[in-house]
Amino acid sequence: MSENPFVYSMDNKRYHTLNYHNRMLFGEKIYKAVIDCGFTCPNIDGTKGTGGCIFCDGGSGYFTHGGIEVVSQLEYEKMRFSKSYGKNQRFIAYFQANTNTYAPVDVLKENFFKAMKFDGVCGLSIGTRADCISDDVLALLKEISQQTYLTVELGMQSCHNSTIELINRCCTVKEFEEGYYRLKNAGIRTCLHIINGLPKESDEMMIKTAENVAKLHPDAVKLQMLHVIRGTKLEKMYLADDFGLISREEYIDIIVRQLEVLPADIVIERITGDGDKSKLIAPMWSADKIAVLGGIDKKLAELDTWQGRLYNK
């Protein structure tokens, strides 16, 4: 086992962690305060589809405090940080639940600017869909990016249209890329989400998605395992043996192979995932994040490999 050759690291990590990125940028650890504005999604309200993606559980707003306005949610999160980490922690306001650019632009601006002005907030992270970046929304995002540290997070999930159709995404690969390049060309920091273990996808299909991300070259990416959550269409498919899930060892191997083809400067904002454990049906191994993270670190070291080692421009 050789000394860690990866340059974007201050510890034993062989990939570009969000913690490293934030410490280089802000000089300290930065937390995320999750927000649910009560927005919906064009894949839920009938504009493009109904029911949402097959894995969607109420807009994926885990750990948020919906039903109260933005400032109250941030006050709750700030109190939580103070209890766990001490006072005066800085944090990103993360608009997480559903599609956070899918509302009238004046409503978006009111919520975003309230968060920007909240004490302790050092930036915004806005989760949305690539097909929900209208001209007026793009103008608002550009305005915000000039005033604070902004990241727009886009759910890509897969680069395969067959998978996109199967999971009821209602946003083709072409539509996704068009929305992504609108943000990229506007100079807005963008983070792409991809999911491993989607139904009917082979290992090579998952690696192909990572290679596609490498060509797009976003600022950041979130990698995670598919979670089967109680009450979703995915649960029905899983219980009907319509597809199988990969093991922890298989997931670790896929992650290592994906990291190898991703450019070293892309920040890996997530490398596993948090599902609601009270609703998690499978895979149960995904609930043990420490074991997954440790397994990835161990595999990278054993193979003496790192993020970007096989990246070809």
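Sequence positions, counted from 1, serve as the residue numbers for this chain.
- Lys32 contributes no side-chain N or O that, together with a main-chain N or O of Tyr94, makes up a donor-acceptor pair within less than 3.5 Å.
- Between Val173 and Cys159, the closest heavy-atom pair is CG2-O, 3.4 Å.
- Formation of a donor-acceptor pair under 3.5 Å by the Asn22 side chain with backbone atoms of Lys29 is not found in this model.
- Not a single donor-acceptor pair under 3.5 Å links the side chain of Asn98 to the backbone N or O of Cys37.
- Contact between Leu226 and Pro199 at its shortest, heavy atoms only, is CD2-CD, 4.0 Å.
- Judged purely by distance below 3.5 Å, without hydrogens or angles, the side chains of Ser125 and Glu153 pair a donor atom with an acceptor atom.
- A donor atom on one side chain and an acceptor atom on the other are not found under 3.5 Å apart for Asn19 and Thr17.
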Evaluation steps, salt bridge (Lys or Arg N to Asp or Glu O under 4.0 Å), between Arg257 and Glu204 = CA-CA 10 Å; Arg257 293 176 62 192; Glu204 293 310 315; 2.7 Å; yes
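- Interatomic distance, Thr209 OG1 to Asn196 CG, rounded to the nearest 0.5 Å: 8.0 Å.
- Rounded to the nearest 0.5 angstrom, Ile296 CD1 and Arg248 CZ are separated by 10.5 Å.
- Heavy-atom contacts from other residues, nucleotides or ligands closer than 6.0 Å to NZ of Lys184 number more than 12.
- Annotation: cation-pi geometry not satisfied between Lys114 and Phe118 (NZ/CZ under 6.0 angstrom from ring centroid, within 45° of ring axis).
- No donor-acceptor pair closer than 3.5 Å links the side chain of Tyr238 to the backbone N or O of Ala282.
- Within the 3.5 Å criterion, the main-chain N or O of Asp11 finds a donor-acceptor partner in the side chain of Asn4.
- Of the candidates His16, His217, Gln307, Asp265 forms a side-chain hydrogen bond (donor to acceptor under 3.5 Å, both in side chains) with just one, namely His217.
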query = Going through the checks in order, is the side-chain hydrogen bond (donor to acceptor under 3.5 Å, both in side chains) test met by Tyr102 and Thr47?
reply = CA-CA 11 Å; Tyr102 190 59; Thr47 301; 2.8 Å; yes
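- For Thr232 (side chain) and Ile229 (main-chain N/O), a donor-acceptor pair under 3.5 Å exists by modelled atom type.
- Heavy atoms from other residues, nucleotides or ligands lying under 6.0 Å from NZ of Lys208 number 12 at most.
- Within 6.0 Å of CE in Met79 there are 12 or fewer heavy atoms belonging to other residues, nucleotides or ligands.
- Listed for the Glu211 side chain is no donor-acceptor partner under 3.5 Å among the backbone atoms of Val261.
- The local environment of CG in Asp119 is sparse, with at most 12 non-hydrogen atoms from other residues, nucleotides or ligands closer than 6.0 Å.
- Heavy atoms of other residues, nucleotides or ligands lying less than 6.0 angstrom from CD of Glu165 number 12 at most.
- Judged by distance alone, with hydrogens and angles left aside, the side-chain atoms of Lys200 form a donor-acceptor pair with the main-chain N or O of Asp242 at under 3.5 Å.
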ask   = Could you walk me through whether Phe26 and Tyr149 pass the ring pair (Phe, Tyr, Trp, His ring centres under 6.0 Å) check?
value = CA-CA 10 Å; Phe26 296 104; Tyr149 178 72; 5.4 Å; yes
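- With respect to the salt-bridge test (charged N to carboxylate O, under 4.0 angstrom), the residues Lys13 and Asp297 qualify.
- The residues Asp131 and Arg129 are annotated as salt-bridged, a charged nitrogen and a carboxylate oxygen being separated by less than 4.0 angstrom.
- For the pair Arg270 (side chain) and His193 (backbone), a donor-acceptor distance under 3.5 Å is absent.
- The closest side-chain donor-acceptor pair between Ser286 and Tyr251, if any, does not fall under 3.5 angstrom.
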query = Could you walk me through whether Phe113 and Gln147 pass the side chain to side chain contact (heavy atoms under 4.5 Å, CB included) check?
reply = CA-CA 10 Å; Phe113 274 74; Gln147 299 182 42; 3.8 Å; yes
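- Side-chain atoms of Asn100 do not come within 3.5 Å of backbone N or O of Thr128 as any donor-acceptor pair.
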